[in-house]
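The next block holds one structure in the form of structure tokens; read it before the comments.
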Amino acid sequence: MQLITRAQLGWPASAAADQPTTQGVKIHYEGTPVSTDLLGDHSRCIQEWQSIRASHLANKTENWVDVAYNYASCQHGYVLEGRGIGKRTGANGNQQLNRDHYAVVALIGSEGLTQPTDALLGALRDAIELLQANGAGPEIKGHRDGYPTECPGDPLYSWVQAGAPRPGGTSPAPQPEQPPTPAIARYQVTIDGQVYGYGAHGDQVTRVGQALVARGFGSHYQVGPGPDWTDADTLNYADYQRSLGYSGAAADGVPGEQSLHQLLDAALEPFPGQDFFHDGQHSDVITRMGQRLVALGFSQYRVGPGPDWGPADQASYAAFQRSLGYSGDAADGIPGPTSWAQLRVPAN
Ligand SMILES: [Zn+2]
Ligand SMILES: [Zn+2]
């Protein structure tokens with residue numbers, strides 16, 4: 001509790017009558033317009049409280065000997081001492097009501113500053129609990145309870161009727177709902193003839209995983225990467241997509257053609273040159289080329305593909321070339337640099 005005492009306010013001990021116990025506390029507001037300037041300047045709250053006391057001391061009708069309230073609370077969370085502990089209030093309307101409850105006023109009014117901040121409600125709660133620890137019973141009421149007045153205004157009275165809960169504090173708050181777990185995308189796409197996404201299976205999945213790890217996007221793998229596309233692949237791929245500036249559905253972790261090509265370009269087999277492709281050539285590059293041709297649907301293989309360049313490789317590659325629009329010598333089944341780039345043979 002942030003308490004500003006009478007001594008700090010420069011006030012002498014209260015001359016009000018003693019009232020060691022009550023049934024509880026009644027909440028008030030100023031009942032007049034209050035400047036919203038108070039919100040931005042706590043020193044204005046002190047001035048306000050000083051002027052309330054001065055006006056009460058000047059009030060010849062009520063004949064008050066002190067500010068009428070036991071405490072005030074301001075929008076900044078301060079409790080300002082009035083008559084204080086063990087003193088009868090003069091604010092509740094008549095002598096019986098003043099004996100029944102202590103009085104705490106909120107420094108808000110009927111116009112201008114009308115809505116209590118959480119800090120104000122917390123400071124009201126502080127004042128209530130201070131009084132409850134020093135003779136006040138459990139009742140928390142509004143000035144309007146049992147007396148014809150608008151006080152303490154509707155916003156504060158609603159709070160009183162709700163049991164004057166401490167904001168975000170000790171009152172039981174409704175359990176916040178579990179934040180929804182973002183669903184992990186589980187659909188598949190086919191890019192360059194190969195399937196990616198949850199449940200996809202094959203070397204292409206392993207290659208994506210390895211490329212992700214190589215680029216630093218492997219944090220979701222507990223094991224692997226491996227040939228079965230799991231949620232971990234999706235989550236890592238989503239991290240990679242976000243690194244490219246994608247967001248929302250474009251970063252759901254299921255590959256798009258652009259991001260996939262960008263990821264795998266570094267992992268593509270460079271064109272080995274036309275002379276590479278001749279009878280007797282034995283290379284893993286031939287196997288991987290053949291696997292790509294199979295994947296794209298241009299297989300003329302009866303067995304394989306395998307590492308030894310042969311007629312089935314050439315026939316398959318020729319079918320691929322024709323699909324690209326080549327004909328004649330340009331579709332002779334010997335790879336050229338342009339078609340090779342389009343075939344996207346993975347590096348080892
Ligand atoms: Zn009142
Ligand atoms: Zn203040």
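When a ligand or atom number is given, it counts from 1 through the structure's own listing order.
Less than 6.0 angstrom separates the ring centroid of Trp340 from the ring centroid of Phe277.
Annotation for Gln2: atom CD counts as buried by contact number, over 12 foreign heavy atoms lying within 6.0 Å.
A salt bridge between Asp231 and Arg186 is present, with a side-chain N of the basic residue lying under 4.0 Å from a carboxylate O of the acidic one.
Taking the six-membered ring where tryptophan is involved, the planes of Tyr196 and Trp229 are perpendicular, since the angle between them exceeds 60° and thus also 30°.
For His282, there are no ring pair (Phe, Tyr, Trp, His ring centres under 6.0 Å) partners two or more places apart in sequence or in a different chain.
Within His76, the N, O or S atom lying nearest to the Zn ion (ligand 2) carries the name ND1. Considering just the N/O/S atoms of His42, the one nearest the Zn ion (ligand 2) carries the name ND1.
Atoms of the protein (N, O or S only) found under 2.8 Å from the Zn ion (ligand 1) are His28 ND1, His143 ND1, Cys151 SG.
Taken from CD1 in Ile85 to CG in Asp18, the straight-line distance is 12.5 Å, to the nearest 0.5 Å.
Rounding to the nearest 10°, we obtain 120° for the angle at the Zn ion (ligand 2) between Cys74 SG and Cys45 SG.
Residues Ser339 and Gly336 share a closest heavy-atom pair of OG-O, 3.2 Å.
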